[in-house]
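This report concerns only the one structure given below.
Note that this is a predicted model, so its numbers are computed, not measured. Side-chain atoms are counted along with the backbone in the values below, which use heavy atoms only and exclude waters and symmetry mates.
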Amino acid sequence: MNPASLMKLMNRKSEFNRRHPKFSAFVKAVMAKGIQEGSIIEIAVKNPGEEEMTANIKVQASDLEMLQEIKDLME
């Protein structure tokens, strides 16, 4: 990733955190506790006037490295 794109992404992350402090605090708390193999990560999206869509994954050992990289990016 080039430095300009990385700076843009970091600025957007900061803006997102300011707009959604409860979500940011939730993610930080989850990541601080750690996600283990066998954990379930679920996400739901409900657009106005539409049915909710939900998906989940059961974390596998092979997912843990990527989750650690995401955690490192968030710091």
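The distance from atom CZ of Arg18 to atom NZ of Lys13, rounded to the nearest 0.5 Å, is 10.5 Å. Atom NZ in Lys8 sits 10.5 Å away from atom CG in Asn2 (nearest 0.5 Å). To the nearest 0.5 Å, the span separating CG on Leu64 from CD on Glu69 amounts to 11.5 Å. Here the CZ atom belonging to Phe23 is positioned 12.5 Å from the NZ atom belonging to Lys28, to the nearest 0.5 angstrom.
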Go through the steps to decide whether Asn11 and Ser14 satisfy the test side chain to side chain donor-acceptor pair (under 3.5 Å), and finish with yes or no.
-> CA-CA 5 Å; Asn11 287 335; Ser14 294; 5.5 Å; no
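A 6.0 Å sphere centred on CZ of Arg12 holds no more than 12 heavy atoms belonging to other residues, nucleotides or ligands. Within a 6.0 Å radius of CD in Glu65, no more than 12 heavy atoms belonging to other residues, nucleotides or ligands are found. Within 6.0 Å of CZ in Phe16 there are more than 12 heavy atoms belonging to other residues, nucleotides or ligands.
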For residues 38-48, which side-chain N or O atoms pair as donor and acceptor with protein atoms under 3.5 Å away, sequence neighbours left out?
residue	atom	partner	partner atom	Å
Ser39	OG	Gln36	N	3.2
Ser39	OG	Gln36	O	2.8
Lys46	NZ	Glu50	O	2.8
Asn47	ND2	Glu50	OE1	3.4

